[in-house]
Structures are given as C-alpha cells and as structure tokens.
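Read through the structure below, which is laid out as structure tokens, and then see the notes.
In the text below, chain A, chain B and the rest are named by the order of the sequence lines, each starting its count at 1.
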Protein chains: 2
Amino acid sequence: MAIPQSDEFNILMNKRPNLQQCADPQTECIACPIRKMALFRGVPEEELGWTQEFRDAQYLLPARETLYREGDIAHSIYTLFDGWVILFKILDNGKRQILRFVLPGDFFGFQVNGTGAGAGYTHGAQALVGSTLCVFPRTRLRSMMEKQPQLAIGLAEMGMHDMTLCQHHLIGTGRKNARESIAFLLLELFYRVRMQMQNGFDEATDSIIFPLTQEDIGDAIGLTSVHVNRVLKEMEREELIRCQRKRLTILGEETLMEIGQFDPGMIAPKELV
Amino acid sequence: MAIPQSDEFNILMNKRPNLQQCADPQTECIACPIRKMALFRGVPEEELGWTQEFRDAQYLLPARETLYREGDIAHSIYTLFDGWVILFKILDNGKRQILRFVLPGDFFGFQVNGTGAGAGYTHGAQALVGSTLCVFPRTRLRSMMEKQPQLAIGLAEMGMHDMTLCQHHLIGTGRKNARESIAFLLLELFYRVRMQMQNGFDEATDSIIFPLTQEDIGDAIGLTSVHVNRVLKEMEREELIRCQRKRLTILGEETLMEIGQFDPGMIAPKELV
DNA sequence: CCGATTAATTGATTTAAATCAATAAAACGG
DNA sequence: CCGTTTTATTGATTTAAATCAATTAATCGG
C-alpha cells in the first residue's frame, strides 16, 4: 500500500530525490529519545511544540544514497535521527576527503558558501547505511535563534564539538602516522557510537556496527585503502581489534589508546559555562 | 614611567604572566575599527555600552610569548585586536600541529575540555608578533548570550567560518601534496590579511607582512621545514611568489589558485540566513 | 542459489617526503 | 657593531606510504 505523500514532501522530493517519506507515526520532538544530545538540547519542554512546528518531517535516506552534493542550494538542514552519514569533499583530481562522520543526534548541513537563501553546501553528504533524518528549513534558522537563544547556544555548543573532532582529524593527517591515525579513528567512532546510540552497540561482545569500508577509512585519514588494509590486518594479528562483517570489536583498548593518543574526554559533549 | 596597574590586571597577571597592560587610551567597543568582523558584529550600537562592560581590558602579548598552554584553566576568552597568534597542539612525540592562524577580529580561547569554570584549554596559544588582545571572562559567556542572542548568533557564525578553515586544512593534509597545500595556505593567509586588516597589507607591492617561519608553515600543513623550503624555493624560481624578510608577495595569483585549488569565496565571513 | 559487482587481501615496485648532516644567512640582545 | 641564536638552504640517504597488479572473499539483486 502506497503511503500518501504531502505537498511539502513532493516539493522536497524535487530537491532531494533520494529521500523517502517515513511510515507514520513519526517521532515527536517532545518524545525524541536523542533530543538531549541534539539541537534542541537546551530548549525547555514547554517550548518544544514550537520547535516541532519548525521541523519539516522525518525522512528515510537509503544506504549509499547521496543526500546532497557540494554546491547544491542549501534549502534544508538536518539532524540525523538514526543511521550513519558522511560529509565529504571531492577534489579536482578526484580524490575524496571525508570531513565528518555524522552519528545520531548530530546536526549538519549548515556549512554553506555564499549568502542568503541561495547559498550552496560546501560539501557533499551521503548515507553509509539506511538513515532517518529530521529535516528543517535552513532559511528559518536565524529567526528561530533570535526567538529562542537556547537554540543558538545549542548550535554553538555542537559547533565546538564538531570543531574538536575536526581538529583531531587534522592532527592525525598532519602529524600522526598510519597506525596512530587509524587507532584514533577506530576509538573515536567506537566511543561515539557507544555514547550516542542505543542500537549499534552490542554490550555482550563490546562491539559496534561499523559500516565503513577500508576506502572510507583511508579517505577520512588521508591514506590509500591498500595501506589501511595492511595496518588493520596487523592490528588484528596483534589482537588489538577485530574488524569483519561490518562489525568492530576493540580488544586492546588500553594499547590502542596509547597508540592513537586518544583521550575519551574529547568525545564528551561541550557545554558553555 | 610605570603604568599604574589595576587590581584586575594583577589578578590576570598571575594567571597569564606574559601579558602586559596596554598604555591608555584603550579602544572602546563602540569605536572599534574591527567590530563589524568580530564577536560583537550583530550587537546593536545602543547595546555596546553593555558589551563593553563585559570586556576586561586590552592587553599586549609580546612576540613569541605563550598566552596559554593546553590544559591551563580557561579563565579568559579573547578577541585578537592586532597581531598574529597561532593555536596549536603538541603531541606526545613532541611534534606540533598548528590548528589555526588567528588574525585581527578573530575570537579564540573558547575550545575547552571538561565542564564548568575549571575546564582547560584543548590547545596552546602563542603570539608570532607583538599582539593586542581584548580579554573577556569565559564564565560569563553563556549568560551574556542568553541576554543578547545576537552574540550567540555571532559566535555560531564565527564558528562556521573557523570550521571552514579547519576543514580546508584537513583536506590539505589529507589529500593534497606539498605544493598544493603550500599554495593554498599562502593564498588563504594573503586573502585573510588583505580582507581583515588595514595594516600588514601593502597596496603598492601587493604584499603582506608574513611572520611565519618555514617550520610554522610545515607544522600547519604536516611537512618538515626542509621540504617546505624546497617547495618555496621552487615557487620563487617559478616567479609565483616572493617570500623574504617576513614579507610575502603573490606574483602568480591565478596559477597559485589553480595549484592550491583555492576559492576566495571560502574566506568570506559566514552569515546565518 | 547464482552470476555480477564491490570490497578485501597480498606481493612487487616506485616515489614523495622524511631524515641526517652541514653551511650560509638573518635576526637579536646588548 | 658583534658575537649568539634562529632560520634558511642544499645535498645525500632512507623510509612510510603510494602505486601497480592480481587474486580472493563478500555482498547484492533477482
């Protein structure tokens, strides 16, 4: 049975043809299990009806589909409700640099070039696995923030968090070798998944769903997939990790943390004093 | 003649021993020539007396002095009024990664680890040349933003700008070679200086004051100073740049932009719609 | 379940940049 | 101006990672 599709949905589909409408019922902001980590973290409960109204709807993005490309007009901004999304940039020579791994609760799509409603995304976005998105109109963000300063504070706090991650990736590509960078990235994603979502993390085996290919890892860290493979294999031989069937298990957490110079404190959400 | 020093100054000096009190008169926020680019960009003129009161004072940081180290308790946040400051992180192996070049109008010092008043800076800060700083107490930032949402919006906008720069540095270290990264960095700094400040840029020769050593360049891009030297020398031989006596001239702007894949649009200040 | 595509694995070879090692040239503090 | 300390420069050698080239193992769509 076909799901009836709203006008707004059809308009959005013209802009973002890969999105699929969610089956109802959709999660309300007030009942949202990830709200405390997400954009509306600081907004008081009694105001949530109002933020709810700001939100367009929830949509599904199938695995491997592109949400938007660099340069596309940025009509929407997004909160990832469930799944994995990567933000990346393709260089002239065809090489790809992954800029950010988006996990549930993360907000994205607000980095644009240019001014006004016609500004374009500075990067592309693509799902690694089937993902659910909360969609918001970008052009109302500023007026929303003026009315509700908690929203602006939340955005600034999330921006600080994203910046910390980006700076650590810069440190990795700039001044760490392959083994160190890879150890760091695996731990970062492991901790983020364990902290941010209920599903994905399996307590029994201390493992997470890990949908990255070795090429994805390389494109995040600035290595070729061949070299990533060699390092991962070596780590498996050393019983530091197990990485197969899209599942990652951390066996030697202490050792990996030393190798990667990883401090779990960096994963903690940022809060303005 | 010694400048009389206030109580607040003496308290600050215990925390930041390298700062020197400015000779009066200090620049008032309302008369600040860089305000339109800085933190108080969106704050209406009639509110500036109030923001002025938030500000501690202006201080001098001599060339090569450290403002703070990673882990220091983050009492203050800063706007650079004049000069050049670098933010960096030192790894366990002693290597340094420069995270950001701070130019006049830029806001910094708010990236911290931990919560509350005792949180510590995630990075160190050091002056490349004698610099003037506007100092603010970090612990009042949130309440300021709640009272004046324009401040939060300004912070979010500046955060977007910083993020764009950080992502481009990541792209450079991750997926560009030495020649491409260096071309990009030189152009980025050239454009930022030309855009942000009156002094520093010399219209007659189309050159800027450029206080970085070749080691600084390397630590920003993830290269050794030896290799930076070879690439710079080659670029000089090709008449693309002139880089001597702490002054940088761009001779082959078009060619450099192609080499570095540099788009001046990325330098433009970000604005929320 | 099955052919087709995508991802992982491994070996051989090359290369961009690091490292090692000296000088030469600037900048700095009295 | 002068000795001292930083920076810049250049050559010789090494190395971490890239590239090239197959082959094997998974995953996917019907």
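B/R64 contributes no side-chain N or O that forms a donor-acceptor pair with the base of D/dT5 under 3.5 Å.
Where A/R175 and A/S225 each meet DNA chain C at their nearest nucleotide, the meeting point lying more 5' is that of A/S225. Annotation: of the two residues near DNA chain D, A/K246 and B/L232, the 5′-most nearest-nucleotide partner is B/L232. Residue order along DNA chain D, read from the 5' end via each residue's closest nucleotide, puts B/Q214 first among A/V231 and B/Q214.
Atom P of nucleotide D/dT15 and atom CG of B/L223 are separated by 20 Å, given to the nearest angstrom. For the pair A/Q244 CD and C/dA7 P, the computed distance is 18 Å after rounding to whole Å. Computed from coordinates, the A/R245 CZ to D/dA26 P distance equals 6 Å when rounded to whole Å. If you take CG of A/L212 and P of C/dT6, they are 19 Å apart, rounded to a whole angstrom. We find that NZ of B/K176 is positioned 18 Å from P of D/dA18, with the value rounded to whole Å. For A/I182 and D/dA17, the CD1 to C1' distance is 11 Å, given to the nearest whole Å. Distance A/R230 CZ to D/dT15 C1': 14 Å, rounded to the nearest Å. For the pair A/H227 NE2 and D/dT15 P, the interatomic distance rounds to 15 Å; values are reported in whole Å.
Remark: B/T224 is in phosphate contact with C/dA18, judged by side-chain N or O atoms under 4.0 Å from OP1 or OP2. Contact annotation: A/R179 side-chain N/O to D/dA17 OP1/OP2 distance is not under 4.0 Å. For the OP1/OP2 pair of D/dT9 and a distance below 4.0 Å, the side-chain nitrogens and oxygens of B/N229 include at least one atom meeting the criterion. Not one side-chain nitrogen or oxygen of B/N177 sits closer than 4.0 Å to the OP1 or OP2 atom of C/dA16.
Within the model, atoms OH of B/Y121 and CG of B/L87 stand 10.5 Å from one another, a figure rounded to the nearest 0.5 Å.
Classified by interplanar angle (parallel below 30°, tilted 30° to 60°, perpendicular above 60°), the ring pair B/Y68/B/Y78 is parallel. By the 30° and 60° cut-offs, the orientation of the rings of B/F184 relative to B/H168 is parallel.
Each of D/dA18, D/dT10, C/dG11 was ranked by its minimum atom distance to the side chain of B/V226; first place goes to D/dT10. Listed nucleotides: C/dT10, D/dT27, D/dA17. Nearest to the side chain of A/K233: C/dT10.
A side chain to side chain contact (heavy atoms under 4.5 Å, CB included) with B/K233 holds for exactly one of B/M235, B/R230, B/R237; it is B/R237.
B/G222 comes within contact range of the sugar-phosphate backbone alone, with a heavy-atom separation under 4.0 Å but no base atom that close.
For the residue pair B/H169/B/E188, the side-chain donor-acceptor check at 3.5 Å is satisfied.
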